[in-house]
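Below: the structure, in structure tokens.
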Amino acid sequence: MEQEAGDQLLSKVMYDPGNVSGTRLAKFQQKIAEKYRRPDVGKDYESFWAWSCEDPASFWRECWDEVDIIASVRAKDDDVLPEGDRIYPPPKWFVGARLNVAENLLRHSLPGSELVNKPALIQATEPSAEEPENFLVQTTTQSELRRQVAQAVRALRQRGVVAGDRVASYASNCSANVVAFLATAAIGAIWISAAADFAPQGVLERLTTVRPKVLFAVNAVRYNGKVHDHTEKVRAVVDGLDASAGAEEQKLEGVILIPYMASSPTTLDKTKGWTSWESFLKEEGRAREGEDESSIDFAQLDFNHPLWILFSSGTTGKPKAITHRAGGMLLQLAKEHLIHGGMTPQDVFFQYTTPGWMMWNFLVAGLVSGAPLVLFDGSPLRPSASSLWSLADKLGITVFGTSAAYLAALEKSGCEPRREFPSLKVRQVLSTGSPLRADLYPFIMKAVGPDTLIGSITGGTDICSLFAGHNVALPVRAGEIQARNLGMAVQIYSDAGKPLGAGSPGDLVCTKPFPAQPLGFWGQASEDRHRETYYSTFDNVWYHGDYVVLTEHHGLVMLGRSDGVLNPGGIRFGSSEIYEVVAKLQQQQQQQQQQGEAKTTAAARIQNSLVCGLKMPKGDDEVVVLFLVVEQIDDAQWQALVDEIKSAIRRERSPRHVPRFVRRVKGVPLTMNGKLAEVPAKKLLNGASIEGINKATLSNSDVLTEYVEEGRVLRSQLS
Ligand SMILES: CC(=O)CC(=O)O
């Protein structure tokens, strides 16, 4: 019934912005139409978008001026995209320009700026069990932010951190973490961020690839009403980094511990070079005699200099260390906030995220607008579904960024924020992580307000920004992402690599270069993996792995992933994260057997495994299913095996990685080369017909029928 209701609603106009000529986006469009004598470009958004993709060099040069990039050296007009329109290898942009991302993000903190005494960061932590209505709120003004960044820059420089060094964080979404990032970027060092809820094993896997010189961490976190000590996890990562560093590799030289949970002790492990945040800022970062304590010497760097490294795991191998360039991130994210979102200093920007998701980077880039950022950490539904809205009400949040999974949970909870908080100021609800169901749109309009712009946005870690999303100059239609973003030549391709028109589902690709293309994968001796990931599916085109359909209104409807990436509750990860835990269990068991020890688990009996996502009945979320091929074992042994695997995944990855179902099968589909074929299994599990599967690519297509039956059983359990 609900699915039907959603289908009928699809594309229905939910919100019409009316006269948009006053928006920054429309003014920018008119300026371009006049300057380039192209009245057609001024006609509608779609024409403007088409021009922005037709001539990327002109568009991005104009965008630079529109968002007012601060740079000590500008690129000459001919050097904006000197290598022309080919997309791979990722071309250099704005060759010769020199700039600093932190300087741009701190533009509103300059003495004399109107906003200097206004909040820049509002840290808000989940309320304690004793005081469920009281978020722990701590505000940092623009001038305080500048001072703290200046101190952190001096302290990092004193520690010998220079441009190109890696600085990591294993922390919560807190103000100190943003200060640490801005200081890192001010120097030109490269930022790597892992969320405190990641298991040490996963963090170590990532950090051994990038070898940081300094690590920032919190002492403890609060989640779901409980304070959890974090220092043991930090210790495990530090020990792992020390133990694995080769003679020629960068060693971790120090840990700076942020006292995030004042209620927890901040015990410094001096033997491992731990320092408190306070002494890092105030002692190491003290200004010299006569020096202004807020002055920052921002390193002036190449536009294509690396800014941060984000990780994404695939079906095999270690997580990919995606290296993003400074100028590309700045220009792209500023475009998204200032032009597409129309964000101004009058806004208050909240985005629910941990520092381990690219939405944290998206949030921090919001500083460019002068709007204060709300840094929330904790459970979004604790103590109740209305708590984040009470926070929105208290802080005057205007842009409320969240996930589709949260909005679905909100609907289920029966909470109607506008009724509970009549003076709510939210004007935009941004949603990402997984597709936002059409039937949730009327709920959001009613629950948040009739003038709410629902901005479903899509992009991801790979570009650390968006392909398509919110747009202040366009109507909102139920179930649709409003439009493709300026400068992003997004097309939909068939399997054969042919562009598809409206209504035909296919693969999301990008056909023209854009400044947010990653530079490559850090620490890879060969370029192969980077090329294979994005540029080998179709010729000279970026392949993203999303399955989508373009609508007749030029919006996008997301249909899910077209590759094996898992996305339960909007948390994306590769199946390799599960396979590695299973393989480790197998190895342990084999060693025990070789040493003649009694079998403690049945793990050695696993012959093969396959992981894939099973869509929830409404199609907007998925659960993880792990299939195992095992030797003959009895039911009790099977249950012991399932329990052991689940707890190992919880321990070594995170609770969010734990499969909803672990199922026993006779075989897993393999390609002719013996590689796991996850996509056919996933298709069948989700109800595709077996006739539609290309069996010629498989060496054992006879196993497929089992997945048809598994799909039937598991789908009935979810409905
Ligand atoms: C913007 C996004 O696409 C976020 C995500 O789902 O990773």
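Whatever order the structure lists ligands and atoms in, that order sets their numbers, starting from 1.
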- Note on the structure: among protein heavy atoms, the one nearest atom 7 (O) of ligand 1 is Trp357 NE1, 3.1 Å
- Task: Specify the protein heavy atom at minimum distance from atom 4 (C) of ligand 1: its residue, its atom name, and the distance to 0.1 Å.
- Result: Thr432 OG1, 3.2 Å
- Message: Taking Pro319's backbone N and O only, do any of them form a donor-acceptor pair with Glu205's side chain (distance below 3.5 Å, no angle check)?
- Response: no
- Just checking, any donor-acceptor pair under 3.5 angstrom between side chains of His530 and Thr533? no
- Task: Could you establish whether Phe362 and ligand 1 come within less than 4.0 Å of each other, counting only heavy atoms on the residue side?
- Result: no
- Query: Is Thr461 in contact with ligand 1, taking contact as a heavy-atom separation below 4.0 Å?
  - Reply: no
- Query: Which atoms of ligand 1 are found less than 4.0 Å from any heavy atom of Leu466?
  - Reply: 1 (C)
- Message: Show me which atoms of ligand 1 lie under 4.0 Å from any heavy atom of Gly459.
- Response: 1 (C), 2 (C), 3 (O)
One thing to verify: whether [Y] and [X] come together as a salt bridge, which I'm taking to mean a side-chain N less than 4.0 angstrom from a carboxylate O.
X      : Y      : value
Asp439 : Lys618 : no
Arg653 : Glu580 : yes
Glu552 : Arg477 : no

